[in-house]
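Please see the structure below; I have some questions.
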Amino acid sequence: MKVLVVGGGGREHALCWKLARSPQVEQVYVAPGNAGCAAVAERVPIQPSQVDALTDFVHGRGIDLTVVGPELPLCLGLADRLRKLGHKVFGPGKEAARLEGSKSFAKSLARRHNIPGPDFKVFTGESAAIAYLERIKDDEFPLVVKADGLAAGKGVSVCSTRGDAMRHVRDCRKRFGEAGQTIVIEEFVRGTEVSVQVVTDGETLLVLDPAQDYKAAHDGGLGPNTGGMGAYSPRPVDSEVMGRIEEKILVPTVHALAREGQEFRGVLYAGLMLTQTGPRLLEYNVRFGDPETQPTLLRLRSDLAELMLRTCEGTLGEAVVEWDPRPAVTVILASEGYPGSYAKGREITGIEAAEALGDVVVFHAGTERRAGKLVTHGGRVLCVTALGDTVSAARERAYEAARCIHFEGMVYRTDIAAEA
Ligand code: GLY
């Protein structure tokens, strides 16, 4: 079978790596991929936003399965286009992708189906949101201000004062354009965060082992929010709590969409807060998390291509998911300055030595090959992922591997999975 993976980050390298190990897969293509993907897949120079070109590629090459990594092509309707032409796609259609593409859509759906989440209000336009912020009491802060649409992970701000909240509301339209036209103001909930990903064909839900990601740029949760500076899996969650997450949050969401004619086929990612009164839904993503996918796929023993095909064909009920019982930890090696501006083109060395330690896979994120050399090409550069008998053994191995690697301006958090 021929598979196309859409996207070019660490998540997509992990997807290509795992799919290439399937006995059912003859050829993996990746659009556009990165230097690491090239070891296991043929790179195709098409960007994830180029939905027409991707559709032509899949149709023209007779691709048997398309796996969409990032949210943008899903929100632009790539999966609908391909399904209409009879192709198998792992990823939801445009309407269901609004779970990620519109925060107000996701929150309203959650409210209609009694899915526990923070209280919220939706405002169309800046002035209505400002008027609301002017009339609430000081003790209602902190609050969370969110741009409604896709904002590359930068549209959410926890605001501890009225001034902060007003500034972020005013910023929304300026920074995010159309995506910041509608604003969601949400109750701030306290607790511990966890990411739960579920593979679903719209009927059956296969809940993957939970993961923990680390969004802040610096140790101790300090500094600006990033796409994620590390992750580990499985992140322990009490089985009774996992049961509630499935029963009260995931199942009602997937089945509500199906009843509304928007069958969700792909992976649904729930960003959750575990609070004293139970799990609450903070946000949905309609694709695999990055970097949560990297430790998750290193542990997955089952054939990913088969799980994905079953998802497309609606036979997930017959699938079995097997895991390596050992935990995995991913440490992101980033370019100094990320998530702000950073240099590119810095030579990378030491990956072979890192992988030679054993039980280590270095997934590439922002990398390219220039004049025969491997160089940096993004903010998140490499995802050093290691297995160990315990979380602490996996973490030690991941950091030992990270220390083998070098590029000028390389930075990483030193506390990934430290509390585990
Ligand atoms: N790690 C968070 C995300 O993938 O959105």
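Note that ligands are numbered from 1 as they come in the structure, with each ligand's atoms numbered from 1 the same way. Everything numeric in this text was worked out from a predicted model, so none of it was measured.
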**Message:** Side chain or backbone, does Asp213 bring an N or O within less than 3.5 Å of an N or O on ligand 1?
**Reply:**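 Yes.
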**Asked** Do Tyr232 and Thr330 have side-chain N/O donor and acceptor atoms under 3.5 Å apart?
**Response**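 Side chains of Tyr232 and Thr330: no pair found under 3.5 Å.
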**Message:** I'd like to check which ligand 1 atoms, numbered from 1 as shown, lie under 4.0 Å from a non-hydrogen atom of Gly289.
**Reply:**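 Near Gly289, the atoms of ligand 1 are 4 (O).
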**Prompt:** Are Gln294 and Thr385 linked by a side-chain donor-acceptor pair shorter than 3.5 Å?
**Reply:**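 No - no donor-acceptor pair under 3.5 Å links their side chains.
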**Atoms in ligand 1 flagged as close to Gly227, the criterion being non-hydrogen separation under 4.0 Å** =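 Selected atoms, number and element: 1 (N), 2 (C).
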**Asked** If you measure from the Lys or Arg side-chain nitrogens to the Asp or Glu carboxylate oxygens, is any gap between Glu263 and Arg265 under 4.0 Å?
**Response**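 Arg265 and Glu263: salt-bridged.
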**Request:** May I ask you to identify, for Phe288, whether its side chain, its backbone, both or neither come under 4.0 Å of ligand 1 on a heavy-atom basis?
**Result:**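 Answer for Phe288: neither.
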**Item:** ligand 1 versus Arg287: contacting region, heavy-atom distance under 4.0 Å
**Value:**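 Only the side chain of Arg287 comes within reach of ligand 1.
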**Asked** Centroid-to-centroid, Phe188 to Phe141, below 6.0 Å?
**Response**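 No - the distance between ring centres of Phe188 and Phe141 does not fall below the 6.0 Å cut-off.
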**Side-chain touch Cys404/Glu352, heavy atoms, less than 4.5 angstrom** =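 The answer is no; the side chains never approach within 4.5 Å.
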**Asked** Do Glu283 and ligand 1 have an N or O pair less than 3.5 Å apart?
**Response**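 No; every N/O pair is 3.5 Å or more apart.
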**Message:** Taking 4.0 angstrom as the limit and counting only heavy atoms of Asn285, give me the atoms of ligand 1 inside it, by number and element.
**Reply:**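 Every atom of ligand 1 under 4.0 Å from some heavy atom of Asn285: 3 (C), 5 (O).
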**Prompt:** Short list, please: which atoms of ligand 1 are under 4.0 Å from a heavy atom of Tyr269?
**Reply:**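 Those qualifying, in numeric order: 1 (N), 2 (C).
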**Message:** For a quick test of reading the model, state the closest non-hydrogen atom pair linking Phe288 to Val267 and the distance between them.
**Reply:**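 Between these two residues, the closest heavy atoms are N-CG1, 3.1 Å.
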